[in-house]
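To keep things clear, I will list the structure first and then write my remarks on it.
Below, chains carry the letters A, B, ... as their sequence lines are ordered, and counting in each starts from 1.
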Number of protein chains: 2
Amino acid sequence: MAKDRHWNCGDPQQHLVWAEATTDALRVLEGKWKIVIICQLFGAKEPLRFSELERRVEGVNQKMLIQQLKELEKDGIITRTVYPQVPPRVEYALTDLGKALGPAMAELIDWTYLRRETLDVSGSAKQSLSATS
Amino acid sequence: MAKDRHWNCGDPQQHLVWAEATTDALRVLEGKWKIVIICQLFGAKEPLRFSELERRVEGVNQKMLIQQLKELEKDGIITRTVYPQVPPRVEYALTDLGKALGPAMAELIDWTYLRRETLDVSGSAKQSLSATS
DNA sequence: CGGCATCCGGGATGATACTG
DNA sequence: CAGTATCATCCCGGATGCCG
């Protein structure tokens, strides 16, 4: 994989080059809720309605959700589909470019679990993760 | 790997559970420059001085860099080492928890390359990546 | 009723000058 | 070199209203 082509080359100049490229591309994910939104869409494995997203992205408000969704759509990460009916129904789904973020999101989620395990050695919060049913 | 344990379980309730955990942990990475900073520290494979970071994290200003570094330090992602000498020398390095973000950062960087390839089919910007020397 | 826009206050961010 | 201080600006969040 290309995974190890970046920082395994000794050329420090190369680092600065992809640094710029990375900074530029990461700007697409800039915004308080975007990564969480993408994680949710990826986890759902199917398009989500606006109201679903609003419920799953904990703590977000309508305005911010709309704004971040718009930017994600503009940047080609998600698609927005309107079904002309009453009550209105709008679904959001990942594009191919968005789906390509899957491995990164998976690794991020793995890290969040590792972090949990690191933090509570007492295992207090970890139990709420296994006790789902 | 644990990579596929998250969204491959059909239980939608489980999704909401790790959603909350993820949201919580991702809050540590919240902040306009943190992911870029971590990417830089990871790419450098060695501690970086403040001025180095300032140069590599393109577009950041001193105040923001200091602030985000402080928060990253408080959250156990990086360490801050002061060498008592003149001129002052402060180095920032990833902790174990910070290094554990490596795979995720690598995937993110891979994605930034994929995104580039997707965007400029004409290959205009891609050339600046190979022409480093 | 669900999705979206507008107005306004507060906190995060940015630009610049200054200090040890 | 590595920060701090100050002030301007922008993003975020809540409330409210519109529209199918």
With a 4.0 Å cut-off, would you call Arg27(A) and Glu30(A) a salt bridge? yes

Are Ser51(A) and dG2(C) close enough that a side-chain N or O sits under 4.0 Å from OP1 or OP2? no

Please state how far atom CG in Leu53(A) lies from atom P in dG2(C), giving the value in whole angstrom units. 15 Å

Is there a side-chain contact between Arg49(B) and the phosphate of dA2(D), meaning an N or O under 4.0 Å from OP1 or OP2? yes

Mind calculating the distance between CG (Leu69(A)) and C1' (dG2(C)) to the nearest angstrom? 14 Å

Between Glu54(A) (CD) and dG3(C) (P), how many Å, whole number? 8 Å

Using a heavy-atom cut-off of 4.0 Å across all strands, would you classify Tyr92(A) as base, sugar-phosphate, or nothing? sugar-phosphate

Side-chain touch Glu71(A)/Lys34(A), heavy atoms, less than 4.5 angstrom: yes

For atom CD1 of Ile66(A) and atom P of dG14(D), their distance in whole Å: 14 Å

Give, for atom CD1 of Ile37(B) and atom CD1 of Ile77(B), the distance between the pair rounded to the nearest 0.5 Å. 11.5 Å

Rounded to whole Å, please give me the gap between NZ in Lys70(A) and P in dC11(D). 15 Å

Between dG3(C), dG2(C), dA2(D), spot the one nearest the side chain of Phe50(A), thanks. dG3(C)

Taking Glu73(A) first and then Lys70(A), would you say they form a salt bridge - that is, a charged N and a carboxylate O separated by under 4.0 Å? no

Counting N and O atoms only, with roles assigned by atom type, does the side chain of Gln68(B) sit under 3.5 Å from a partner on the main chain of Trp33(B), one being a donor and the other an acceptor? yes

Nearest whole angstrom, please: distance from the P of dC12(D) to the CG of Leu65(A). 13 Å

Say whether, by atom type as modelled, one donor and one acceptor occur between the side chain of Trp111(A) and the main chain of Leu97(B) under 3.5 angstrom. yes

Below 4.0 Å: OP1/OP2 of dG3(D) and any side-chain N or O of Arg80(B): yes

Going 5' to 3' along nucleotides 13-20 of chain C, which nucleotides have protein heavy atoms under 4.0 Å from the base (write B), which only from the sugar-phosphate (write S), and which from neither (write -)? BBB-B--B

Set of side-chain contact (heavy atoms from CB on, under 4.5 Å) partners for Val82(A), sequence neighbours left out: Arg80(A), Val90(A)

Just call it for Val86(A): base, sugar-phosphate, or nothing, with non-hydrogen atoms closer than 4.0 Å on any strand. nothing

